[in-house]
Amino acid sequence: MQTVTTEKAVNRVVELEFLYLDLDTCTRCVGTNDNLETAIQSVADVLAFTKTKLSVNKVLIENEEQALAHKFVSSPTIRLQGRDIALEFRESRCDSCTDLFGCEEGTDCREWVYEGEVDTEAPVG
């Protein structure tokens, strides 16, 4: 008779951070948050099947000290396991943040490049 030893399934935790400046006015932050929620829902079954927990930490960056502490470069930012998911760093003028922060010279926020397309919100993909 052969004895078969099975290892207990390893539970993994994937850390996701969403760093943003505003979820009320900034169209880029609001749209990215909505798309992020959709993306999380779309992988929920895979996470459950692989016994992987997704830990989501949404962080409102309110001042320079927080920005420095979180090594925040541009809004919005999504990190998995501490790494920015954007393969390319791009920014452009964000009118909603310019209005929000009252910067006469304008405010730049992140652009997202996915499958050759440039968007102002992180795509679901």
Side-chain angles (χ1 to χ4, degrees):
M1 176 183 237
Q2 181 180 6
T3 304
V4 178
T5 306
T6 58
E7 291 184 27
K8 229 177 175 181
V10 176
N11 290 337
R12 291 179 286 273
V13 177
V14 174
E15 301 286 338
L16 184 142
E17 288 179 293
F18 175 49
L19 308 160
Y20 60 91
L21 293 176
D22 173 75
L23 285 180
D24 295 317
T25 305
C26 178
T27 56
R28 295 181 192 209
C29 291
V30 171
T32 295
N33 185 57
D34 292 345
N35 290 348
L36 181 60
E37 291 297 325
T38 300
I40 290 169
Q41 289 303 313
S42 72
V43 298
D45 289 342
V46 172
L47 293 171
F49 181 77
T50 60
K51 296 182 180 4
T52 301
K53 178 184 175 204
L54 180 64
S55 173
V56 179
N57 185 23
K58 295 185 179 185
V59 181
L60 171 63
I61 302 296
E62 298 181 272
N63 54 50
E64 186 176 352
E65 291 77 26
Q66 279 184 308
L68 291 170
H70 288 279
K71 297 179 182 160
F72 180 70
V73 177
S74 185
S75 183
T77 293
I78 299 173
R79 294 181 186 144
L80 277 174
Q81 302 298 87
R83 298 183 67 152
D84 197 321
I85 67 166
L87 300 177
E88 183 178 332
F89 179 77
R90 292 175 59 148
E91 290 183 312
S92 64
R93 183 181 172 107
C94 178
D95 291 333
S96 57
C97 279
T98 297
D99 293 343
L100 178 68
F101 297 113
C103 299
E104 289 181 24
E105 66 277 359
T107 302
D108 288 344
C109 288
R110 186 178 292 253
E111 288 182 326
W112 300 84
V113 180
Y114 180 69
E115 295 184 344
E117 299 290 321
V118 178
D119 202 335
T120 56
E121 302 166 358
V124 173

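If you read the sequence from its start, that first residue is 1, and numbering goes on from there. Side chains are part of it too, since the values below use all heavy atoms of this structure and drop only hydrogens, waters and symmetry mates.
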Under a single-linkage rule joining Ile, Leu, Val, Met, Phe, Trp and Tyr whose side-chain heavy atoms are separated by less than 4.5 Å, which residues share a cluster with Tyr20?
Val14, Leu16, Phe18, Leu23, Leu36, Ile40, Val43, Leu47, Leu54, Val56, Leu60, Ile78, Leu80, Ile85, Trp112

How close do Glu17 and Gly82 get, heavy atom to heavy atom, and via which atoms?
OE1-CA, 4.5 Å

With sequence neighbours excluded, tell me which residues meet side chain to side chain contact (heavy atoms under 4.5 Å, CB included) with Tyr114.
Pro123

Between Arg12 and Thr50, does the side-chain contact (heavy atoms from CB on, under 4.5 Å) criterion hold? Intermediate values first, please.
CA-CA 8 Å; Arg12 291 179 286 273; Thr50 60; 3.8 Å; yes

Drop me the distance from Lys53's NZ to Asn11's CG, to the nearest 0.5 angstrom.
10.0 Å

Please identify each residue that fulfils side-chain hydrogen bond (donor to acceptor under 3.5 Å, both in side chains) with Ser75, with sequence neighbours left out.
none

Which heavy atom in Thr32 sits nearest to a heavy atom in Ala122, and how many Å separate them?
OG1-N, 3.0 Å

Sequence-distant partners of Asp84, salt bridge (Lys or Arg N to Asp or Glu O under 4.0 Å), two or more places apart:
Arg110

Which atoms form the tightest heavy-atom contact between His70 and Val59, and what is the distance?
NE2-CG1, 3.7 Å

Which ILVMFWY residues are connected to Val118, directly or by a chain of links, through side-chain heavy atoms under 4.5 Å apart?
Val113

Whether Thr77 side chain and Leu19 backbone form a donor-acceptor pair below 3.5 Å
no

Within the supplied structure, the quantity of interest is the number of heavy atoms (other residues, nucleotides, ligands) at a distance under 6.0 Å from Leu68 CG; does it exceed 12?
yes

For residues 113-123, which residue pairs pass the salt bridge (charged side-chain N to carboxylate O under 4.0 Å, His left out) check, not counting sequence neighbours?
none

The side chain to side chain contact (heavy atoms under 4.5 Å, CB included) partners of Asn63 (sequence neighbours excluded) come to Glu65, Gln66

Which heavy atom in Cys94 sits nearest to a heavy atom in Cys26, and how many Å separate them?
SG-SG, 3.9 Å

Restricting to side chain to side chain contact (heavy atoms under 4.5 Å, CB included), what partner residues turn up for Ser92, sequence neighbours left out?
Arg28, Glu111

With sequence neighbours excluded, residues passing side-chain hydrogen bond (donor to acceptor under 3.5 Å, both in side chains) with Lys58:
Asn33, Glu37

So how far is it from Ser42 OG to Asn35 CG, rounded to the nearest 0.5 Å?
10.5 Å

Please identify each residue that fulfils side chain to side chain contact (heavy atoms under 4.5 Å, CB included) with Ala67, with sequence neighbours left out.
Ile61, Phe72

